[in-house]
Amino acid sequence: MNLRRISSRMAGEISRSAEQRTSPAAVAAAYESDAVAAAVNPKSKSFWPSVLRWIPTSTDKIIAAEKRLLSLVKTPYVQELVNIGSGPPGSKVRWFRSESNEERQINTVSFDSKENSPTIVMIHGYGASQGFFFRTFDALASRFRVLAIDQLGWGGSSRPDFTCKSTEETEAWFIDSFEEWRKAKNLSNFILLGHSVGGYVASKYALKHPEHVKHLILVGPVGFSLESDASYERINQFKATWKGAIFNYLWESNFTPQKLVRGLGPLGPNLVRRYTTARFGSYSTGTALTEEESRLLTDYVYHTLAAKASGELCLKYILSFGAFARSPLIQSASEWKVPTTFIYGYQDWMNYQGAQEAGKKMKVPCEIIRIPDAGHFVFIDQPERFHSAVFYACRRFLSQDPEVESFPQGLTSA
């Protein structure tokens, strides 16, 4: 999600949402699925017990919402919870084991593909889960073996207590759990695609385990912002104000958008609906969601956000206020060992110029593709152009003569 805007947008909706909830029927009408609406008893004799009842969620409800969302995808797929154990072999690291030795599971969807198709693994961003890629699965599965995961602590994956206390531990939480998942799936030599914070995780993984990744695709990745970026200066100026000091305090206190959704109880689904219909509808920078897509995505997003806090608590350790990486990837560019393609929407709040600077330091092939009429969620805003960008990025694995592949029309190279 757009980390610089989502918290303030959600906060601005609290009072408006509360004012509009004047009866149990109005509350129920706001819900976007039978599963959510059923949590409110329309026959309740008391208004307040009904309104104040928290909407339940669970891993089962997340998986059910995911299944409903992926019913929009025509390609057959398999959903599984991949057991990654309770930690790396012999590990006694507290951040992975949490407060128990309970085995962890990574929610994974794998799509049918043609024999010998190259494998692409997709990692979602902050505040999202693998279902956000629903508009891309059919096209990508036509040419790849597609696997998409919910990172540890997100979506339908296990949600251990988040006990990390540093940037290093937080990075290891995601990198090491992904490596255990890779081992469990017996994968190697795959294409790794990461979006936003997922792009940060994918990059850190490729730096640590380059032998397993044959190409890296970073979609609006976190970690490549420059201190010379104008937004960096604006954030510092804002932090100097009393409002900025409050927001910075909340950030450093690990107050997340998900906590707001949970705290609103039965008003939470309506708040999520307002966000999804605005971001991917009235304020969409590309192809707006259909009514059915919006309804199913809203239901899915609510359940993933309202579940137990876990991976979301990585926020303050990976990013400082303003979504600037505490361990900038641009500083590791000279250590890059995997050919990389960056993909940005024209309206992406992540600046592609940082990737340009990183590319100058990389000793491996690097290219930047920009997609018009698309924002941070470029794969939702412009799915067809996004597919073209991915196919072009992977031309070495898809074409018998990649050197003659022409750059896709409608896209631009940076």
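Residue numbers count from 1 along this sequence.
Ionic pairing of K316 and E252 is not present here: no N-O contact between side-chain nitrogen and carboxylate oxygen is shorter than 4.0 angstrom. We find that R262 and E312 are joined by a salt bridge, their nearest charged nitrogen and carboxylate oxygen being less than 4.0 Å apart. Taking the charged nitrogens against the carboxylate oxygens, R395 and D401 have no contact shorter than 4.0 Å, which rules out a salt bridge.
Considering L152, N83, L147 in turn, L147 is the only one that fulfils the side-chain contact (heavy atoms from CB on, under 4.5 Å) rule with W181.
Between F342 and F224, the ring center distance clears the sub-6.0 Å criterion. Aromatic rings of F379 and F133 (six-membered ring for Trp) have centroids within the 6.0 Å cut-off, being under it. Taking the six-membered ring for Trp and the full ring otherwise, H195 and F132 have centroids separated by 6.0 Å or more.
Contact annotation: the side chain of R396 approaches that of P339 to within less than 4.5 Å [non-hydrogen atoms, C-beta and beyond]. Using a 4.5 Å heavy-atom threshold, the side chains of F391 and S399 count as separate.
If you take CE on M350 and OH on Y344, they are separated by 8.0 Å, rounding to the nearest 0.5 Å.
Under the 6.0 Å distance and 45° angle rule, R279 does not count as a cation-pi partner of Y275. Cation-pi check for R145 over F111 is not met; the charged atom does not lie both under 6.0 angstrom from the ring centroid and within 45 degrees of its normal. Annotation: cation-pi geometry satisfied between K214 and F397 (NZ/CZ under 6.0 angstrom from ring centroid, within 45° of ring axis). Taking the ring axis of Y352 as reference, the NZ or CZ atom of R370 stays within 45° of it and closer than 6.0 Å to the ring centre.
At least one donor-acceptor pair closer than 3.5 Å links the side chain of N254 to the backbone N or O of L313. For Y200 (side chain) and P221 (main-chain N/O), no donor-acceptor pair under 3.5 Å exists by modelled atom type. A donor-acceptor contact shorter than 3.5 Å links the side chain of T277 to the backbone of R273. Remark: side-chain polar atoms of Q382 are not paired, donor with acceptor, to backbone N or O of V378 under 3.5 angstrom. Although no hydrogens or angles enter the test, the distance criterion places no donor-acceptor pair under 3.5 Å between the side chain of H303 and the main chain of S58.
Annotation: Q409, atom CD; neighbour count of heavy atoms from other residues, nucleotides and ligands within 6.0 Å does not exceed 12.
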